[in-house]
**Student:** 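Below you will find the structure I want to go over with you.
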Protein chains: 2
Amino acid sequence: MSAAGDRPLRADARRNRARVLDAADEIFATKGVGASTEEVAKRAGVGVGTVFRHFPTKEALLEAVLVARFGRLAEEARGLVGADDAGAAFFGFLAAVVDQSASKNAFAGALAQAGVDVEAALGRAGAELWEALGVLLTRAQAAGAVRPDAQVDQVVAVLVGASRAADYAPSAVPLILDGLRPR
Amino acid sequence: MSAAGDRPLRADARRNRARVLDAADEIFATKGVGASTEEVAKRAGVGVGTVFRHFPTKEALLEAVLVARFGRLAEEARGLVGADDAGAAFFGFLAAVVDQSASKNAFAGALAQAGVDVEAALGRAGAELWEALGVLLTRAQAAGAVRPDAQVDQVVAVLVGASRAADYAPSAVPLILDGLRPR
DNA sequence: TGACATCCGGAGTCGCCGCTCCGTATCGTT
DNA sequence: AACGATACGGAGCGGCGACTCCGGATGTCA
């Protein structure tokens, strides 16, 4: 991935690319991944052609949106690594993720269904999030705020589940996260 | 819903209806709700026309599949109400649901997105499940196996979340359900 | 067994959506 | 300013999938 020999984009091109990405995030989150590319284009104020030039496939667009989200999340996690209260940092981050990601599951699901290896597609973005989350987890465990047998991938699964559950009964989220606390 | 004046179906019609329902459950669970109606028809060994005669819309078909699943679940829950160990009965049921419903969320999601009031569409089936689950919950709480502040709708949300999480890391499911135990 | 209501199959219709193509506009450089 | 390189817009194409329609088959009842 990420070809090496691409010259810098023209200014308008870079601006449009960003607009499309934002629009896609918003539209897909709102109307679901079934929303048409044309709708994304309209929202971004560009033509369909432009969308497809930057993201050769709808699938690629979905992927890019996911990667962007993961990047933002990873950054947020890294910012929390130095916090005083490791337990609060960990659970605070989880809550933030759940809050921000109402529909991320749908994305990953759609990609997986399309035969994309989500793990691989996410690449660096996924690895970074994973790593930052791991640090947060380890520190919280050391502080006695999280059960010691919890693994990073379990935490991720809990996160995904909690996001989904939030759609049905937001009050269930803290209850689910309690499953991570020591008994 | 459920018109009153419909005469009994002809034998072959009833048989085909059941076949379609089974096929739909299987196909949608396997390939996702995006699977085509024709695929369902093929799986059921009937023509598309037959599918649409019994379920005038794809959405209606989805709905019917969901209702059938809920019905089965409710029956299972009712069978557990008289169990000796209320806590085991409760958690056993939850585990069974998670196990059986890998993709039920996707269904409900698809319906919700289609503008259907899932709650209303489920009707009796939903109410019955809800009620049986409530009994199970109350009894488990009385036995001290479940935290007393948990509500039925929270349990449902946990269930949905756990089902989703199971796709990512099955080992996270017991961890999530632990959130329902008293501290 | 005959006659009729009911049901079936699946080719065909219609609309939607991902994607392409190219004439035109904008950018960047000299 | 002027010219090549780059990017844009959006009409149009191809295909797919939900849904319809009707001639023929099958169940049902006397």
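Chain letters run A, B, ... following the sequence lines, proteins first, then strands; residues in each count from 1.
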**Student:** I want to verify a distance call: between D:dC19, C:dC19, C:dG9, whose nearest atom is closest to the A:Phe52 side chain?
**Tutor:** C:dC19
**Student:** Can you tell me how far the CZ atom of A:Arg164 sits from the CG atom of B:Asp167, to the nearest 0.5 Å?
**Tutor:** 10.5 Å
**Student:** Hey, what do you get for CZ (B:Arg147) to CD (B:Gln154), rounding to the nearest 0.5 Å?
**Tutor:**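 The CD atom of B:Gln154 is 8.0 Å from CZ of B:Arg147, to the nearest 0.5 Å.
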**Student:** Nearest-nucleotide wise, let me know which of A:Leu9 and A:Gly49 is further upstream toward the 5' end of DNA chain D.
**Tutor:** A:Leu9
**Student:** Counting heavy atoms from C-beta on, name the nucleotide in C:dG9, C:dC8, D:dA18 closest to the side chain of B:Ala13.
**Tutor:** C:dC8
**Student:** Any donor-acceptor pair under 3.5 Å joining the side chain of A:Arg10 to the base of D:dT6?
**Tutor:** yes
**Student:** Check the distance between C:dC8's C1' and B:Arg14's CZ and give it to me in whole angstrom.
**Tutor:** 16 Å
**Student:** What is the separation between atom CZ on A:Arg53 and atom P on C:dT20, rounded to the nearest whole Å?
**Tutor:** 12 Å
**Student:** What is the distance, rounded to the nearest whole Å, between atom CD of A:Glu38 and atom C1' of D:dA11?
**Tutor:**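 So the CD-C1' distance, A:Glu38 to D:dA11, works out to 11 Å.
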**Student:** Identify which nucleotide among D:dC8, C:dC8, C:dC19 has an atom closest to any side-chain atom of A:Asn16, counting heavy atoms from C-beta outward.
**Tutor:**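 Shortest atom-to-atom distance from the side chain points to D:dC8.
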**Student:** Side chain of B:Asp12 only, please: which of C:dC8, D:dC8, C:dG28 is the nearest?
**Tutor:** C:dC8
**Student:** With a 4.0 Å cutoff (strictly under), does any side-chain N or O of B:Arg7 reach OP1 or OP2 of C:dA5?
**Tutor:** no
**Student:** Could you tell me whether A:Asp25 and A:Arg72 make a salt bridge, using a distance below 4.0 angstrom between a side-chain N and a carboxylate O?
**Tutor:**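 Answer for the salt bridge query: yes.
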**Student:** Of the non-hydrogen atoms in A:Phe91 and A:Ala145, which two are nearest, and what is the gap between them?
**Tutor:** CE1-O, 3.5 Å
**Student:** Measure from the side-chain heavy atoms of A:Val48 and tell me the nearest of D:dA11, C:dC8, C:dG18.
**Tutor:** D:dA11
**Student:** Take the protein atom CZ of B:Phe28 and the nucleotide atom P of D:dG17, then report the distance between them rounded to whole Å.
**Tutor:** 12 Å
**Student:** Between C:dG18, C:dC7, D:dA18, which one does the side chain of B:Lys58 approach most closely?
**Tutor:**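 Nucleotide nearest to B:Lys58's side chain: D:dA18.
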**Student:** Go through C:dC8, D:dC8, C:dT20 for me and flag the one nearest to the B:His54 side chain.
**Tutor:**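 Among C:dC8, D:dC8, C:dT20, the one nearest the side chain of B:His54 is C:dC8.
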**Student:** Can you name the one residue among B:Val155, B:Val146, B:Val158 that meets side-chain contact (heavy atoms from CB on, under 4.5 Å) with B:Leu177?
**Tutor:**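 Going through the options one by one, the only one that passes is B:Val158.
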**Student:** Starting from P on C:dT6, measure out to CZ on B:Arg15 and report it in whole angstrom.
**Tutor:**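 Spelled out: CZ on B:Arg15 to P on C:dT6 is 18 Å.
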**Student:** Using whole Å, report how far CZ of B:Arg17 lies from P of C:dG9.
**Tutor:** 16 Å
**Student:** Below the 4.0 Å mark, does C:dC19 have OP1 or OP2 next to a side-chain nitrogen or oxygen of A:Thr57?
**Tutor:**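 It does, given that an N or O in the side chain of A:Thr57 lies less than 4.0 Å from OP1 or OP2 of C:dC19.
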**Student:** Using whole Å, report how far CD of A:Glu39 lies from C1' of C:dC19.
**Tutor:**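 Atom CD in A:Glu39 sits about 17 Å away from atom C1' in C:dC19.
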**Student:** Considering just the side-chain nitrogens and oxygens of B:Thr50, establish if one lies under 4.0 Å of OP1 or OP2 belonging to C:dG9.
**Tutor:**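 Indeed, a polar side-chain atom of B:Thr50 lies that close.
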